[in-house]
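Structure record follows, encoded as structure tokens.
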Amino acid sequence: SSVATESDPIVVRDVLPAGVTLAADPVSAGAATTCTVVAQEEGRQVVECLRTQTLLVGESVTIDLFVDLAEDLEGQVTNTVTVAPGVTPEPESGDLWPNEASDTVTITEVADLTIAKSVMTDPIVAGLPVEWAIAVTNLGPSNSDASATAPITVTDTLPLGVTGATGSGDGWVCEAGEPTLEGAEVLVCSRTEDLPVGAAPVITVTATVGTGQLEDLTNMAVVAPGLTQQPVEGATDEASVTAPVTTSADLSLIKVVAETITAGGTGAYSFQITNLGPSDARGLILTDALPPGLTLVGSLDDAWECVSDD
């Protein structure tokens, strides 16, 4: 038997690989064995598991060592452990079992990217700028890696009738993409830096609503990963937001005598109506109260239908 006591336990020593740390929960342990971090070696945790009870001949003990992995850990990781006896020394010669064992595993990064979109302009008025906010979040568990050749991308398809889109956000570069077959503008924002677990800087998208826009605006954005795969390979996440459009048109009117008005004869007035915007003006009605003694003959502008309320 391998005798062990409180003061002279059997010791299993594990220098954890870089990027691997002992988890606080669940607790790492085995039968009559406790595990704790006892030191650091070149930035790596040294874990010792102490068994204080004698290990009988043929008996074995399993130690469950629970660890946390750094968000950016990937590739092959090798872990080596050693065991040292307590009270009972090992034989000095003969066919001995090794006191050291190693295992190599491959760590793959997986990062779940999500996207949300919101309208920052209220109300939205036809002919005026509109602003949206796009929020990308990495739900983890790993970093979402990116590079110049494989960036994280957000593709924002703007509503028809919305033009001149620009975008900005810390760490994002936004530029115009290929318009859709229907002619809608597309804005592509790229991030070449790794995205840690958590929220990325918000992307602000600004554009101008067409002066004649009447329908609600629906804006959809899609986020796609760079180097790190999603939990479901090839999956993308999208978000859309819909908001109503209102109109506002500031009209100005100038009225002048176009033809001299002669008693018993005819005359004419000229009206200059200007739409100062920002929206197109529809269904205009011009009301002109003629002075006593004047009656309506007609209008020379076919775009207007003029009638008397007599």
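Between the side chain of Thr121 and the backbone N or O of Glu131 there is at least one donor-acceptor pair closer than 3.5 Å. Distance alone, capped at 3.5 Å, is enough to place a donor-acceptor pair between the Arg51 side chain and the Ala31 backbone. Looking at Asp103, its side chain never comes within 3.5 Å of a backbone N or O of Asn79 through a donor-acceptor pair. Thr36 places no side-chain N or O within donor-acceptor distance of the main-chain N or O of Val38, the cut-off being under 3.5 Å. Between the Gln76 side chain and the Ile107 main chain, no donor and acceptor come within less than 3.5 Å of each other. The closest donor-acceptor contact from the side chain of Thr157 to the backbone of Val186 lies at 3.5 Å or more, if one exists at all. The closest donor-acceptor contact from the side chain of Thr211 to the backbone of Ser279 lies at 3.5 Å or more, if one exists at all. Ser2 places no side-chain N or O within donor-acceptor distance of the main-chain N or O of Thr88, the cut-off being under 3.5 Å. Distance alone, capped at 3.5 Å, is enough to place a donor-acceptor pair between the Asn138 side chain and the Leu195 backbone. The backbone N or O of Phe66 lies less than 3.5 Å from a partner atom in the side chain of Ser28, making a donor-acceptor pair.
The environment of CG in Asp170 is sparse: at most 12 heavy-atom neighbours from other residues, nucleotides or ligands sit within 6.0 Å. Within 6.0 Å of CD on Gln40 lie more than 12 heavy atoms contributed by other residues, nucleotides or ligands.
Between Leu16 and Arg44, the shortest heavy-atom distance links the atoms O-NE, 3.0 Å. A pairwise comparison of heavy atoms in Gly226 and Ile152 identifies N-CG1, 3.9 Å as the closest pair.
A side-chain donor from one of Asp237 and Gln230 sits under 3.5 Å from a side-chain acceptor of the other.
The distance from the OG1 atom of Thr34 to the CD atom of Glu48 is 10.5 Å, given to the nearest 0.5 Å. Distance check: Asp112 CG to Leu139 CG gives 4.5 Å after rounding to the nearest 0.5 Å. Separation of atoms CG (Leu113) and OG1 (Thr153) is listed at 9.5 Å; rounding is to 0.5 Å. Taken to the nearest 0.5 Å, the CG atom of Asn219 stands 13.0 Å off from the CG atom of Asp216. Separating the CG atom in Leu22 from the CG atom in Asp68 is a distance of 8.0 Å, to the nearest 0.5 Å. Taking CG of Leu187 as the reference point, atom SG of Cys174 lies at 5.0 Å (rounded to 0.5 Å).
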query: Checking side chain to side chain donor-acceptor pair (under 3.5 Å) for the pair Asn99/Glu90: CA distance, chi angles, key distance, verdict?
result: CA-CA 10 Å; Asn99 287 20; Glu90 291 189 310; 2.7 Å; yes
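Remark: Glu41 engages Arg13 in a salt bridge, criterion side-chain N to carboxylate O under 4.0 Å.
The hydrophobic cluster around Ile261 extends to Leu251, Leu253, Val257, Tyr269, Phe271, Ile273, Leu284, Leu286, Leu290, Leu294, Leu296, Trp304, counting ILVMFWY residues whose side-chain heavy atoms fall within less than 4.5 Å of a member.
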